[in-house]
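Have a look at the structure below before the remarks.
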Amino acid sequence: MTAVSTRRRLMRAGAAAVALATAVTLTACGTSDSLSGGGESTASSSGAITIGSQDYYSNEIIAEIYAQALEDSGQTVERSFRIGQRDVYMEALTSGEIQLIPDYTGNLLQFYDADTELRSSEEVAAALPDALPDGISALEAAPAQDADSYNVSAEFSSANGITSLTDLADYDGTLTVGGNAELESRPYGPDGLKELYGVDVDFAAIGDSGGPLTKQAILDDDIQLGDIYSADPDLAGGDFVTLDDPENLLLAQNVVPVVDDAVADRVTDVLAPVNAALTTDELIALNAASVNDQKDAATIATDWLTSKGLLG
Amino acid sequence: MSVFLEGIAWLFSPDRLSGPNPLPERLAEHLGYTLLALVIAAVIAVPLGYLIGHTGRGRDLAVGLSGAARALPSLGLLFVLTLLVGIGDAPVAATIVFVVLGIPPILAGAYAGFESVDRRVVDAARSVGMTPLQVALRVEAPLGLPLLIAGVRSAALQIVSTAVLAAYVNLGGLGIYLQRGIQLRSYDEMIGGAIVVVLLAFAIDGFFALLQRLCTPAGVRVAGGAAQTTRGRRHRRPATPRGAAQ
């Protein structure tokens with residue numbers, strides 16, 4: 001072990017602690033008003049719009065951006081953030097407790113159509129209207145994605161000339177893919193790599209959802225490929241190269257506002273320019289402001305909307 | 001209920017012998033981590049506990065440190081240690097986590113076993129000319145054995161149930177079925193895996209319960225009746241005449 005890798009390792013451990021602290025803090029912030037407001041504003045043309053968010057710090061930032069943009073347009077907004085995962089908040093949306101929530105196109109489609117074979121951003125977005133329940137619509141999706149992605153170390157990439165999943169077929173050595181235990185059975189896991197790109201890989205179950213352990217394992221060359229969410233701020237740091245996926249193995253996950261039809265008219269025009277400005281790089285910067293700079297969602301949202309000229 | 005039946009069906013499916021996670025292999029890993037950690041924890045904790053029990057010194061320190069060790073969150077410790085040693089050496093990190101978990105109950109069993117020995121018995125041993133070492137090994141250790149085994153039993157149960165965490169750091173074990181099952185919403189796999197962990201825990205507990213009975217010295221068993229192994233009874237019976245003499 002070199003001195004450099006030891007230092008990196010300690011930095012990672014520090015980053016992990018910071019990330020954990022952030023998650024705890026944000027959860028604490030998010031729960032304060034999580035049950036207020038819901039229900040009273042259903043389907044009216046002038047009442048408050050209740051916005052929900054997933055129990056995921058990055059999703060909360062997006063929800064806060066939507067909230068501030070709507071407030072700026074003169075609407076009354078209530079926040080019901082961090083209400084859980086998809087089965088919980090889609091129920092809240094269909095029952096009228098919330099009227100708007102940011103979601104991700106691929107997972108949303110899979111939630112209603114588990115066997116879908118659609119993969120690309122366009123296909124998935126086109127299939128959403130039919131898949132969603134009556135009374136619920138997906139607005140225009142943002143270019144920003146927060147999807148599974150396969151990543152290698154910058155060192156591995158330059159040494160072997162690998163920048164795309166296509167390049168892996170020519171690699172001579174053994175390739176090990178690291179990710180959550182269930183990745184082994186996902187269509188985009190080892191089987192999908194074999195089928196679409198002709199690559200044989202070993203699998204290593206590392207259960208931190210592309211967190212510090214997975215990243216460290218890539219840097220240590222214990223695994224060569226790691227499944228990390230594409231909007232993870234660490235991916236922008238230069239240590240990793242995200243491999244291109246020309247065959248669309250990985251399901252597209254564009255950020256998309258999902259709304260109750262009753263308020264769709266009031267939010268569509270406000271959110272359209274916001275979503276248009278929200279690219280993956282922007283999303284990574286937003287996440288970095290939370291994870292690295294420890295800012296709260298409201299501050300991050302205001303800063304971002306201001307810098308894009310979307311407020312006032 | 002049907003989900004239980006599905007879990008049992010999953011368990012007995014011929015697919016359990018093939019594929020990426022064959023059950024016998026994962027079971028062997030799980031049992032392997034448990035036994036390895038238990039042996040290391042015993043090698044550290046038994047001599048230390050005997051020393052504390054025999055000399056009566058350092059008990060407060062041991063109780064304090066054991067309490068602190070029990071309060072460590074195992075998953076957090078596993079993540080931090082694995083980050084430090086690298087995923088390639090994850091077995092080292094996992095073993096340390098499980099050993100830390102196993103030491104407090106074994107330590108407590110060891111010194112409590114020694115302390116439970118009637119002081120008059122120890123005095124008698126000394127008066128017939130036994131050296132301190134002989135007193136420890138021939139009198140205190142055998143008489144304290146049931147309590148020590150009880151400590152090992154408790155440690156084994158904690159380790160076997162916590163060993164499901166090994167799957168987080170690419171070490172397999174039975175936890176892999178729980179993690180996959182939750183995320184894939186394949187509840188048959190999750191329940192099936194959970195059933196195996198429970199059965200394994202029962203089997204280990206049963207083994208140590210039996211061992212505990214077998215290890216109770218014959219003299220003690222006859223003198224105190226069948227339920228000699230619990231600490232309270234062993235104290236109470238000899239205490240009565242002593243109390244009367246005061």
Side-chain angles (χ1 to χ4, degrees), chain A residues 1-2 5-21 23-24 85-87 107 110-111 114 148 176-187 189-191 194 201-209 211-224 226-227, chain B residues 10 15-16 18-23 25-26 29-30 33 72-94 97 162-190 192-194:
Chain A
M1 191 202 300
T2 65
S5 84
T6 312
R7 205 170 57 219
R8 253 188 194 167
R9 204 165 264 168
L10 290 173
M11 279 168 57
R12 294 274 165 229
V18 168
L20 190 68
V24 171
Q85 298 308 324
R86 201 161 282 101
D87 31 9
N107 283 340
Q110 263 193 343
F111 185 72
D148 292 80
T176 303
V177 169
N180 281 356
E182 69 273 10
L183 178 64
E184 200 169 16
S185 295
R186 298 276 196 206
D191 291 348
K194 171 78 182 155
V201 294
D202 293 335
F203 181 73
I206 304 175
D208 68 342
S209 304
L213 282 176
T214 309
K215 290 168 193 158
Q216 192 60 51
I218 297 174
L219 294 177
D220 292 346
D221 204 33
D222 286 321
I223 60 175
Q224 287 70 49
D227 179 8
Chain B
W10 176 89
D15 296 344
R16 294 293 74 74
S18 60
N21 290 302
L23 185 56
E25 215 172 286
R26 297 289 168 261
E29 283 166 355
H30 201 96
Y33 298 140
L72 279 176
S74 296
L75 183 58
L77 188 61
L78 180 65
F79 269 33
V80 169
L81 287 178
T82 308
L83 265 180
L84 292 177
V85 300
I87 197 95
D89 290 323
V92 177
V97 171
T162 308
V164 294
L165 298 182
Y168 276 108
V169 290
N170 198 29
L171 297 178
L174 295 169
I176 196 100
Y177 302 119
L178 307 183
Q179 282 176 34
R180 288 167 43 88
I182 292 169
Q183 292 301 327
L184 296 169
R185 295 202 196 178
S186 52
Y187 297 123
D188 56 341
E189 180 170 2
M190 197 175 78

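Every chain is numbered from 1, with letters handed out A, B, ... down the list of sequences.
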In terms of heavy-atom pairs under 4.5 Å with chain B, which of A/Ser185, A/Gly211, A/Gly178 leads?
A/Ser185

If I compare all heavy atoms of B/Gln179 with all of A/Gly207, which pair ends up nearest, and what's the gap?
OE1-CA, 4.4 Å

Distance col, row B/Leu83:CG vs A/Asp208:CG, nearest 0.5 angstrom, shows 8.0 Å

Atom pair CD/OG of B/Gln183 and A/Ser209 - distance to nearest 0.5 Å:
6.5 Å

Distance in Å, A/Ile206 CD1 paired with B/Ile87 CD1, rounded so as to fall on 0.5 Å steps:
4.0 Å

Where A/Asp222 and B/Gly86 come nearest, the two heavy atoms and their spacing:
OD2-C, 4.4 Å

Under the criterion side chain to side chain contact (heavy atoms under 4.5 Å, CB included), which of B/Asn170, B/Val80, B/Val169, B/Leu78 is the partner of A/Leu213?
B/Val169

As a quick check of understanding, evaluate side chain to side chain contact (heavy atoms under 4.5 Å, CB included) for A/Arg186 and B/Leu184, giving each step before the final call.
CA-CA 8 Å; A/Arg186 298 276 196 206; B/Leu184 296 169; 3.7 Å; yes

